[in-house]
Amino acid sequence: MLKSMFKKTYTKLDTKYRTPENAPEPAETGKTEESPAIPAGLWKKCNKCGKPIYTEDVRANFYICPKCGGYFRVHAYRRIEMVTDAGSFEEWDREMEVSNPLNFPGYEKKLAAAREKTGLDEAIVTGRALIGGYPAVLGVCDARFLMSSMGHNVGEKITCAVERATAEKLPVILFACSGGARMQEGMVSLMQMAKTSAALKRHHDAGQLFVSVLTDPTTGGVTASFAMLGDIILAEPGALIGFAGPRVIEQTIGQKLPEGFQRSEFLLEHGFIDKIVKREEMKETLARILRLHSGKDLRGKEAVPVQTESSEVPETEPESIPVIEEDKGSFRPGAMIRSAWDSVLLSRKTDRLVASDYINALFDGFMEFHGDRCFKDDGAIIGGIAEFHGIPVTVIGQEKGKTTKDNIHRNFGMPSPDGYRKALRLMKQAETFGRPVICFVDTPGAFCGLEAEERGQGEAIARNLFEMSALKVPVLSIVIGEGGSGGALAMAVANEVWMMEHAIYSVLSPEGFASILWKDSKKAGEAARVMKITAPELLELGIIEKVIPEEEPASPETLPAIRGILDEAIQVFLGTWSKVEPDRIAECRYERFRRF
């Protein structure tokens with residue numbers, strides 16, 4: 001039925017936009033072996049898979065080849081029709097005076113030819129629209145216009161749109177597609193990289209959302225400026241994304257590049273984008289993101305930018321400050337007495353609930369985001385945004401995995417520096433948009449391999465402790481299994497720390513403790529006893545605020561009961577901390593750790 005609707009829609013679009021001046025031809029689309037041109041006639045041969053395809057089927061299929069799944073490049077206005085609510089788009093700055101800052105010979109004629117051929121004034125269309133009922137400022141690049149290279153007018157249209165979005169407190173969504181800087185404008189073109197980035201910095205500092213969507217191709221100065229600055233960065237499958245183009249790299253290094261290099265999937269693996277989104281799912285995904293950033297914080301107020309200039313803590317009425325007490329009532333006095341070593345073994349059981357189990361059980365619409373924006377996406381830490389009883393939250397968990405293959409992918413829950421940097425990136429994003437942070441701690445410890453040291457494991461953990469201490473949104477950390485050393489603490493600088501009844505939280509593994517102090521790892525059981533690492537012991541010491549009871553050890557069978565307990569407790573936590581001002585939230589966290 002969806003295909004049928006789109007078939008009718010794009011038949012109308014064809015009448016509206018497909019004029020002799022802008023009828024797509026292979027030469028206009030930057031036809032390459034990897035990226036097929038949009039077919040112009042009734043029947044065409046897909047230049048990616050070589051099979052004959054019916055043009056109307058392509059239009060009805062979101063401009064995706066029905067035979068091979070290859071993505072055709074989409075004209076700006078058609079892209080807008082695909083992702084916005086019908087009739088809601090209001091175009092801005094449709095016409096601008098021709099800019100030829102270098103008086104480059106023949107440039108103005110080239111621009112005139114591009115305008116006549118495409119029906120566009122420039123290589124980007126900007127304006128305001130609704131997506132799923134939520135307003136946003138939109139910018140869509142069109143590769144037919146000089147390969148959507150970024151000259152003065154492209155940079156000016158983006159900057160004007162971002163400035164207007166900042167003034168009107170609206171999110172920005174930019175669909176990037178570009179060959180890079182516009183050579184005919186020289187250094188003026190280069191300056192657009194700085195200009196657009198500066199406008200987005202002001203937009204960010206005003207507490208507004210920027211979603212960047214990378215399409216094929218996104219290269220050169222566009223990649224090195226606005227395209228990679230999104231609070232959330234999405235990409236279409238298989239899109240070419242990079243600074244230098246593949247041919248340039250191969251010529252420079254004299255080597256053939258590996259298959260898939262600089263494609264969306266490559267960037268996801270290397271931590272540079274949050275999520276790959278299929279074209280048919282793009283509108284729904286953007287609508288969900290806008291809904292979760294729709295301007296309300298935990299207190300139901302309009303979100304405001306985080307103020308970091310002043311270190312002063314405002315006076316707060318005593319009754320608005322949460323009272324942190326030892327919650328001895330949360331541990332069942334009648335529970336079976338177990339040894340500390342029993343707790344160690346229970347915390348490590350292979351069928352014990354992992355972070356993703358809790359996330360899926362407690363939160364609605366979890367959307368996972370990936371990557372540290374530096375090197376890698378670490379599978380040992382998962383994180384993203386979700387809703388808890390209608391409240392937007394950021395959820396982050398150390399994930400051990402469930403199967404052998406998953407355990408290996410997630411390094412058995414031992415994060416690398418990239419994982420801690422991903423977690424911190426998501427926490428800082430949560431602070432910008434006024435979202436509480438809920439962390440699930442479950443790690444034997446931070447990964448201690450050679451590559452982890454090379455990429456700064458110690459610095460990454462230290463940076464988390466440093467930044468988490470001052471976050472101006474509530475942070476709750478729940479130790480659900482093993483809480484091993486600094487690798488766990490890097491996710492537990494929180495306003496409150498809870499533990500599952502059979503979890504452990506320790507300065508080092510009992511085996512490591514016994515090896516260091518007694519030179520005998522076989523004394524791990526005795527070490528566990530003297531270390532005081534169990535939930536009731538740490539509650540007694542005041543290290544944690546609450547013990548979450550497990551009638552039976554946490555497992556898929558006991559999840560419904562545990563979910564009920566946690567759901568109620570988290571509601572109380574959020575209700576309590578929603579009454580506290582942002583500066584005071586950070587001050588309370590400082591006071592909590594100052595006591596130790």
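Along the sequence shown, residues are numbered consecutively beginning with 1.
The side-chain heavy atoms of Gln208 and Val172, taken from C-beta on, include no pair separated by under 4.5 Å.
A salt bridge does not link Glu281 to Lys275: none of the charged side-chain nitrogens sits closer than 4.0 Å to a carboxylate oxygen. Salt bridge annotation for Lys428-Glu467: present, with a cationic side-chain nitrogen under 4.0 angstrom from a carboxylate oxygen. Looking at Glu591 and Arg584, a side-chain N of the basic residue comes within less than 4.0 Å of a carboxylate O on the acidic one, giving a salt bridge. Glu284 and Arg291 are not joined by a salt bridge, as no carboxylate oxygen comes within less than 4.0 angstrom of a charged side-chain nitrogen. Between Asp357 and Lys402 there is a salt bridge, since a side-chain N of the basic residue sits under 4.0 Å from a carboxylate O of the acidic one. Remark: Asp85 engages Lys283 in a salt bridge, criterion side-chain N to carboxylate O under 4.0 Å. Under a 4.0 Å N-O distance rule, the pair Lys400/Glu482 qualifies as a salt bridge.
In this structure, Arg463 is positioned above the aromatic face of Phe466, its NZ or CZ under 6.0 Å from the six-membered ring centre and within 45° of the axis.
Within the structure, the side chain to side chain donor-acceptor pair (under 3.5 Å) test picks out the following pairs touching residues 365-375 (sequence neighbours left out): Asp274-Arg373, His370-Asp377.
For the side chain to side chain contact (heavy atoms under 4.5 Å, CB included) test, residues two or more places apart in sequence or in another chain that qualify with Thr84 are Ile80, Ser88, Ala129, Ile131, Leu138.
Other residues, nucleotides and ligands contribute more than 12 heavy atoms inside 6.0 Å of the CZ atom of Phe593.
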